[in-house]
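Everything quoted here is computed from the prediction, not taken from an experiment.
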Amino acid sequence: MNRLILVGLAVFVASAAHAENKAMSVGLVNAWYAALSPANDLPKMQTEITALLSDKAIIELKDLDTMQTKAEFVESLEGWSSAIKDGYIAHKIDADSTMESVTAVACYDFGGNALMTREIFDIADMRITKSVQETIAERCDDF
């Protein structure tokens, strides 16, 4: 009987740790979208994104057939902050996300010109190691 209780307790503890790690990964992705917010000034945006990305992170923008390193992406934020300044970002996390891979659907509204994307974030050691973004709609009506 005691052995059965110990096995049950071990399974519960492992499950709770996995759920906590998934929650931390989701929190990391939520911080990504918050960092890209038009409310942030450029230096703050760059600082926050730099902290979220691993040193060897790759950002892939499938629609533009572009892959950027961490440094290239952070440098590109100057153009991003200008583009999003009159808009907003909203996102939803896919329930099937894991602690290693978080999928989100995001709506980027650039002051009336909206775009809906699916974004997959690979995560290791509580840093984003890869982000793949692909447009799924030219509007956010179904968001």
**OP:** Could you check D125 against R127 for salt bridge (Lys or Arg N to Asp or Glu O under 4.0 Å), going step by step and ending with a plain yes or no?
**Re:** CA-CA 6 Å; D125 299 324; R127 295 286 179 269; over 6 Å; no
**OP:** Any chance you could lay out the ring pair (Phe, Tyr, Trp, His ring centres under 6.0 Å) test for Y108 and W80, step after step, and finish with the verdict?
**Re:** CA-CA 11 Å; Y108 295 96; W80 169 258; 5.5 Å; yes
**OP:** Give the cluster check for V74 versus I84: same hydrophobic cluster or not, with ILVMFWY residues linked at side-chain heavy-atom distances below 4.5 Å.
**Re:** yes
Original post:
Has the side chain of N40 got a donor or acceptor atom that lies under 3.5 Å from a matching backbone atom of A35?
Top reply: yes
Subject >> Same apolar cluster: I89 and M45, side chain cutoff 4.5 Å >> reply: yes
Original post:
Would L115 and D109 count as a side chain to side chain contact (heavy atoms under 4.5 Å, CB included) if you check the C-alpha gap in whole Å, the side-chain angles of each, and the deciding distance to 0.1 Å?
Top reply: CA-CA 6 Å; L115 180 71; D109 187 307; over 6 Å; no
Original post:
Do T117 and E134 come close enough that some side-chain heavy atom pair is under 4.5 Å?
Top reply: no
Original post:
Does some side-chain heavy atom of I93 sit less than 4.5 Å from a side-chain heavy atom of N30?
Top reply: yes
Subject >> Separation between OG of S54 and CE of M126, rounded to the nearest 0.5 Å >> reply: 12.5 Å
Original post:
Within the side chain of S97, is there an N or O that forms a donor-acceptor pair under 3.5 Å with the backbone of V102?
Top reply: no
**OP:** May I ask you to establish whether K130 and F121 are in a cation-pi arrangement, using a distance under 6.0 Å from NZ or CZ to the six-membered ring centre and at most 45° from the ring axis?
**Re:** no
Subject >> 4.5 Å side-chain heavy-atom contact, D122 and I128 >> reply: no
Subject >> Polar side-chain atom of T66 near backbone of L64 as donor-acceptor pair, under 3.5 Å >> reply: yes
Original post:
How long is the span from the CG atom in L53 to the OG atom in S131, to the nearest 0.5 Å?
Top reply: 8.0 Å
Original post:
Is there a side-chain contact between Q68 and S76, using heavy atoms and a 4.5 Å cut-off?
Top reply: yes
Original post:
Hey, what do you get for SG (C107) to NZ (K92), rounding to the nearest 0.5 Å?
Top reply: 9.5 Å
**OP:** Inspect the surroundings of CD in E72 and state if more than 12 heavy atoms from other residues, nucleotides or ligands are less than 6.0 Å away.
**Re:** yes
Subject >> Separation of S37 OG from W32 CH2 (nearest 0.5 Å) >> reply: 14.0 Å
Original post:
Any link between I120 and I123 through a network of hydrophobic side chains (Ile, Leu, Val, Met, Phe, Trp, Tyr) touching at under 4.5 Å?
Top reply: no
Original post:
Below 4.5 Å, heavy atoms only, C-beta onward: do K70 and D55 meet side chain to side chain?
Top reply: yes
Original post:
Honestly curious: do M24 and V26 fall in one hydrophobic cluster under the side-chain, below-4.5 Å linking rule?
Top reply: yes
Subject >> Pairwise side-chain contact, T129 with K56, heavy-atom cut-off 4.5 Å (strictly under) >> reply: no
Subject >> Separation between CG of N113 and CD of E138, rounded to the nearest 0.5 Å >> reply: 8.0 Å
Original post:
Hey, does K62 have a side-chain heavy atom less than 4.5 Å from the side chain of D65?
Top reply: no
**OP:** Enter the distance from M67:CE to T69:OG1 here, rounded to the nearest 0.5 Å.
**Re:** 10.5 Å
Subject >> Taking every non-hydrogen atom, the tightest pair across A106 and E119 >> reply: CB-OE2, 3.7 Å
Original post:
In terms of the angle between their ring planes, are H91 and Y33 parallel, tilted or perpendicular, with boundaries placed at 30° and 60°?
Top reply: parallel
Original post:
So do T103 and D96 actually touch side chain to side chain, heavy atoms under 4.5 Å?
Top reply: no
Original post:
Which atom names give the shortest non-hydrogen contact between G87 and P38, and what distance separates them?
Top reply: O-CG, 3.2 Å
Original post:
Do you reckon L61 sits in the same ILVMFWY cluster as V132, going by side-chain contacts under 4.5 Å, direct or chained?
Top reply: no
